[in-house]
Amino acid sequence: MSVIVRFAPSPTGYLHIGGARTALFNWLFARHHGGRYLLRIEDTDRQRSTEPAIAAILDGLGWLGLESDEPPVYQFSRIEQHKAAVQRLLEQGLAYRCWCTPEELEAMRERARAEKRPIRYDGTWRERDPREAPAGVDPVVRFKAPLDGETVVEDRVQGTVRFANTQLDDMILLRADGTPTYMLSVVVDDIEMGITHIIRGDDHLNNAARHANLFRALGHEPPVFAHIPLIHGPDGAKLSKRHGALGVDAYRELGYLPEAMRNYLLRLGWAHGDEEIISTQQAIAWFDLDGIGRSPARFDFAKLDSVNAHYLKERADNELVTLVAPRLEAAGHRLGEPERRRLEQAMPGLKQRARTLVDLASSAAFYIQARPLPLDAKAAKLLDPAARAELARLAPVLAAVEPFAEAGLEAAARAHAERQGLGFGKLAQPLRAALTGRTVSPGLFEVMAILGREEVLLRLEDAATGRNPAMQQSD
RNA sequence: GUCCCCAUCGUCUAGCGGUUAGGACAUCACCCUUUCAAGGUGAAGACACGGGUUCGAUUCCCGUUGGGGAUGCCA
């Protein structure tokens with residue numbers, strides 16, 4: 001039997017990190033088994049489903065490289081099939097109409113809470129004669145769940161989970177307005193789509209029991225379940241804003257690479273021995289349900305940063321220029337061909353120091369910054385009168401270096417420092433400040449070689465004559 | 001309240017009855033060094049607790065505690 005899985009987000013908000021991981025696991029599972037990975041938009045809640053949310057989900061999945069193998073299924077478009085399924089259940093006596101109003105149900109729950117009883121529908125209309133139905137109330141349709149015994153869910157992650165059927169009340173299949181609920185739609189669609197494995201968040205584990213009963217009522221055995229633990233924030237509580245509960249678009253904005261996100265997310269809840277850096281190809285080869293852990297994980301930006309730094313180093317220099325260009329342009333830099341070429345040359349030195357594309361853009365800016373270079377506070381402090389005078393003396397020495405390349409520049413600068421009776425460090429930091437406007441940068445001679453003789457001399461002259469403005473902001 | 005799930009370094013995790021409890025991130029030293037990274041070496045750091053089962057429990061069972069989830073005419 002070929003594997004068919006699905007990711008089934010509801011378009012009521014952005015695609016968050018937990019959803020992204022669920023999608024990844026499904027996608028990897030399908031790839032590993034040569035099966036199909038489908039996307040189903042669970043938009044049966046007409047009130048809360050929105051177009052922008054759908055767009056955000058599609059966009060996020062696309063960015064992560066988790067496109068589905070077939071066009072997405074919009075659940076609401078299958079409403080007729082859902083209704084037909086309910087009709088069959090009604091005819092078979094496996095479902096019934098219930099005329100309780102939302103207010104009555106709320107009162108029922110209140111009472112149960114007050115009396116510290118389990119909070120669930122009491123089955124009022126299960127046996128009651130429909131002829132007693134109150135006028136002017138549109139009924140919902142409820143599933144006739146088993147009253148006793150237990151429902152057993154064999155979960156590939158959580159093991160055997162048993163639910164007493166007294167815990168499972170008669171869930172609503174069709175709302176009073178005739179639209180299907182999630183409980184019904186998932187099952188009908190999973191059957192229709194031929195889903196073989198359901199990999200989803202732990203928060204659905206309870207539902208799995210209800211789903212299993214519905215599957216059987218509809219004449220099918222449930223698929224294989226695998227409920228993966230949820231992702232928590234750094235404090236162990238629910239994921240909250242600023243702590244990872246961001247849309248995946250936010251991660252893109254923060255400068256993370258999709259391959260880094262995939263790797264990090266994969267390791268959140270899944271392991272293959274001690275492996276940490278796992279390429280997508282390798283992940284496909286290795287991914288299995290057995291590797292999924294049962295305990296929830298906390299989201300950790302520090303680890304994500306480190307994984308991202310790794311993948312940044314692996315990216316081709318020209319790709320990084322393209323990735324960083326919009327950020328530099330947004331910061332007000334003009335990027336023509338010469339600038340792009342210079343950045344590409346500089347990339348090997350820059351990328352090994354960056355953890356995110358934000359870092360990378362920030363550290364790359366000085367290469368294409370128009371003169372005179374703004375100085376950050378520390379750099380400005382370094383360029384005191386003595387240092388400026390020293391740079392003025394150094395300039396002609398550097399000007400004479402031929403060719404204007406790393407080795408010769410370094411030899412000349414070191415020789416100069418020695419002649420002046422300076423430690424090289426004493427010369428290097430002011431030089432760095434003059435050339436980059438900062439106290440931190442790639443190697444000085446690499447920077448010089450990339451900037452070129454003319455630009456280096458102009459920047460030195462700016463510094464020597466105190467022409468540089470103070471930097472407005474840190475980046 | 002009721003039901004369900006979970007529990008190894010700060011974090012992600014390996015472990016699947018007998019290990020000096022391993023790795024990664026973060027942290028701290030030291031090395032390298034023109035700064036910062038990177039890299040190298042090293043350090044510190046965990047089996048929540050209590051009962052069983054067993055010759056032997058991190059590992060199996062039960063309980064406690066602590067987290068989390070569900071309890072919607074949301075998904």
Side-chain angles (χ1 to χ4, degrees), chain A residues 8-12 42-45 47-49 75 98 100-102 105-106 109 112-120 138-142 153 155 157-159 161-164 166-169 171-177 179 181-183 185-186 201-209 227 229-230 232 234 236-238 264 267-277 293-307 309 313 349-355 359 363 378 382 410 413-414 417 423-429 431-433 436 438-445:
Chain A
S10 68
T12 53
E42 310 236 308
D43 55 354
T44 52
D45 184 341
Q47 258 70 50
R48 300 200 298 170
S49 297
Q75 193 159 56
C98 163
C100 285
T101 63
L105 292 173
E106 185 45 45
R109 281 191 283 269
R113 252 190 294 273
E115 294 167 24
K116 298 192 188 301
R117 285 183 293 107
I119 300 161
R120 62 183 73 89
D138 291 324
V140 300
V141 176
R142 287 183 182 270
V153 173
D155 193 274
V157 174
Q158 309 292 348
V161 186
R162 327 181 83 93
F163 296 88
T166 51
Q167 293 295 326
L168 277 22
D169 61 359
M171 63 209 175
I172 293 177
L173 266 19
L174 238 40
R175 302 187 182 93
D177 66 3
T179 59
T181 62
Y182 157 82
M183 288 290 178
S185 307
V186 226
D202 219 347
D203 49 339
H204 285 292
L205 185 54
N206 289 272
N207 288 337
H227 288 91
L230 302 178
H232 294 163
K238 226 187 216 165
Y264 175 72
R267 288 289 291 104
L268 221 46
W270 180 87
H272 184 84
D274 283 339
E275 300 293 337
E276 295 287 349
I277 296 297
R294 277 149 307 170
S295 52
R298 301 188 187 197
F299 191 89
D300 181 19
F301 272 107
K303 180 78 172 265
L304 208 211
D305 280 352
S306 135
V307 173
K313 292 183 188 79
L350 293 172
K351 69 183 177 186
Q352 67 172 309
R353 293 173 163 78
R355 296 170 83 74
D359 291 350
S363 65
K378 286 183 195 156
L382 234 32
E410 175 155 11
R414 285 188 186 279
F424 180 63
K426 274 297 214 185
L427 183 63
Q429 277 308 80
L431 186 51
R432 169 168 284 113
T436 71
R438 304 185 168 206
T439 53
V440 172
S441 81
L444 273 180
F445 305 105

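In this text, all values refer to a predicted model and were calculated from it rather than measured experimentally. What's counted below: heavy atoms across the whole structure, side chains too, no hydrogens, waters or symmetry copies. Lettering follows sequence order; numbering is per chain, from 1.
- Counting only heavy atoms from C-beta outward, the side chains of A/Gln167 and A/Arg120 approach each other to under 4.5 Å.
- The nearest heavy atom of RNA chain B to A/Gln352 and to A/Pro296 marks one nucleotide each, and the one closer to the 5' end goes with A/Pro296.
- Computed from coordinates, the A/Ile277 CD1 to B/rC12 C1' distance equals 12 Å when rounded to whole Å.
- Nearest heavy atom pair, residue A/Ser441 against residue A/Arg353, reads O-NE, 3.8 Å.
- Nucleotides B/rG45 and B/rA29, compared at atom C1', are 15 Å apart to the nearest Å.
- Nucleotides B/rU8 and B/rC47, compared at atom C1', are 4 Å apart to the nearest Å.
- Heavy-atom contacts from other residues, nucleotides or ligands closer than 6.0 Å to CZ of A/Arg109 number more than 12.
- Going from atom NE2 of A/His232 over to atom P of B/rC6 covers 13 Å, rounded to whole Å.
- Base contact: A/Ser441 has a heavy atom under 4.0 Å from a base atom.
- Taking the six-membered ring wherever Trp is involved, the centroid distance between the rings of A/Phe299 and A/Tyr264 falls below 6.0 Å.
- Separating the CG atom of A/Asp155 from the P atom of B/rG69 is a distance of 18 Å, rounded to the nearest angstrom.
- Rounded to whole Å, the distance from NE2 on A/His227 to P on B/rA70 is 12 Å.
- Backbone-only engagement by A/Leu268 is indicated by non-hydrogen atom pairs under 4.0 Å involving sugar-phosphate atoms exclusively.
- Of the candidate nucleotides B/rU35, B/rU11, B/rG22, B/rU35 has the atom lying nearest to any side-chain atom of A/Val440.
- Among the atoms of the strands shown, only primed sugar atoms or phosphate atoms (P, OP1, OP2) are found under 4.0 Å from some heavy atom of A/Gly269.
- Of the candidates B/rA37, B/rC73, B/rC5, B/rC73 carries the atom nearest the A/Ala176 side chain, counting heavy atoms from C-beta on.
- Residue A/Lys313 qualifies as enclosed at atom NZ: its count of foreign heavy atoms under 6.0 Å is above 12.
- A donor-acceptor pair under 3.5 Å is formed between the side chain of A/Arg267 and the backbone N or O of A/Trp270.
- Within the 4.5 Å cutoff, no side-chain heavy atoms of A/Arg298 are placed close to those of A/Lys303.
- In terms of phosphate contacts, A/Arg48 brings no side-chain nitrogen or oxygen within less than 4.0 Å of OP1 or OP2 of B/rA75.
- Checking B/rA7, B/rC25, B/rU34 against the side-chain heavy atoms of A/Arg294 singles out B/rA7 as nearest.
- Nearest nucleotide to the side chain of A/Ala428, out of B/rU34, B/rG72, B/rC25: B/rU34.
- Base pairing annotation: B/rC49 forms a Watson-Crick or G-U wobble pair with B/rG63, both donor-acceptor distances under 3.5 Å.
- Of the candidates B/rA75, B/rU71, B/rU34, B/rU34 carries the atom nearest the A/Glu410 side chain, counting heavy atoms from C-beta on.
- Of the candidate nucleotides B/rG1, B/rU11, B/rG69, B/rG1 has the atom nearest to the side chain of A/Lys116.
- No hydrogens or angles were tested; on distance alone, nothing pairs the side chain of A/Asp202 with the base of B/rG69 as donor and acceptor under 3.5 Å.
- Rounded to the nearest Å, the gap between the P atom of B/rG39 and that of B/rA21 is 29 Å.
- Rounded to the nearest Å, the gap between the C1' atom of B/rC49 and that of B/rG67 is 15 Å.
- For B/rC30, the paired base is B/rG40 (Watson-Crick or G-U wobble, both distances below 3.5 Å).
- Enclosure of atom CD in A/Gln47 is not indicated, since only 12 or fewer non-hydrogen atoms of other residues, nucleotides or ligands lie within 6.0 angstrom.
- The gap from the C1' atom of B/rU71 to that of B/rG15 amounts to 36 Å, rounded to the nearest Å.
- Checking B/rU58 for Watson-Crick or G-U wobble geometry (two distances, each under 3.5 Å) identifies no partner in any strand.
- Using a 4.0 Å heavy-atom cutoff across all strands shown, A/Leu230 reaches sugar-phosphate atoms only and no base atom.
- The side chain of A/Arg355 lies closest to B/rA26, out of B/rU35, B/rA26, B/rU2.
- Looking at heavy-atom distances under 4.0 Å, A/Ser295 makes contact with sugar-phosphate atoms alone, never a base.
- Counting to the nearest Å, the C1' atom of B/rU13 and the CD atom of A/Glu276 are 7 Å from each other.
- Among the heavy atoms of the strands lying under 4.0 Å from A/His204 is at least one base atom, whether or not backbone atoms are also near.
- What separates CG of A/Leu427 from P of B/rU33 is a distance of 18 Å, to the nearest Å.
- Side-chain proximity of A/Arg414 to the nucleotides B/rC25, B/rU34, B/rA75 is greatest for B/rU34.
- At the heavy-atom level, A/Val161 lies under 4.0 Å from the strands shown only through sugar-phosphate atoms.
- For A/Arg298 and B/rA26, the CZ to C1' distance is 15 Å, given to the nearest whole Å.
- In this structure, A/Gln158 and A/Asp202 have side chains that are in contact, with non-hydrogen atoms separated by less than 4.5 Å.
- Among the protein residues, A/Ala271 comes within range of the sugar-phosphate backbone only, with heavy atoms under 4.0 Å from sugar or phosphate atoms but none that close to a base.
- Counting non-hydrogen atoms under 4.0 angstrom, A/Cys98 reaches nothing in the nucleic acid.
- When distances are taken from the side chain of A/Arg267 to each of B/rU11, B/rG72, B/rU13, the shortest belongs to B/rU13.
- Across all strands shown, B/rG10 is found opposite B/rC25 as a Watson-Crick or G-U wobble partner, with both distances under 3.5 Å.
- Taking the P atom of each, B/rU27 and B/rU11 are spaced 16 Å apart, rounded to whole Å.
- Comparing B/rG23, B/rG69, B/rC73 by their nearest atom to the side chain of A/Arg142 picks out B/rC73.
- Contact annotation for A/Phe163: backbone-only contact, meaning every heavy-atom pair under 4.0 Å involves sugar-phosphate atoms and none involves a base.
- Annotation: B/rU19 and B/rU59 have their C1' atoms spaced 12 Å apart (nearest Å).
- In terms of polar N and O atoms assigned as donor or acceptor, the side chain of A/Asn207 comes within less than 3.5 Å of the base of B/rA75 in a complementary pairing.
- Across A/Leu230 and A/Gly201, no two heavy atoms sit closer than the pair CD2-CA, 4.1 Å.
- Residue A/Asp177 is classed as having no contact, given no heavy-atom separation below 4.0 Å to the nucleic acid.
- Nucleotide B/rC3 holds its C1' atom 11 Å from the CG atom of A/Leu205, rounded to whole Å.
- In terms of position on RNA chain B, the residue among A/Trp270 and A/Gln75 whose nearest nucleotide sits closer to the 5' end is A/Trp270.
- When both pairing distances are held under 3.5 Å, B/rU2 makes a Watson-Crick or G-U pair with B/rA70.
- A/Pro442 comes within 4.0 angstrom of a nucleotide base, judged by non-hydrogen atoms across all strands.
- Contacts of A/Thr12 with the nucleic acid, taken as non-hydrogen atoms under 4.0 Å apart, are absent.
- For B/rC12 and B/rG72, the P atoms lie 31 Å apart once the distance is rounded to whole Å.
- Summarising the base pairing, B/rU19 is matched to no nucleotide, lacking a Watson-Crick or G-U wobble pair whose two defining distances lie under 3.5 Å.
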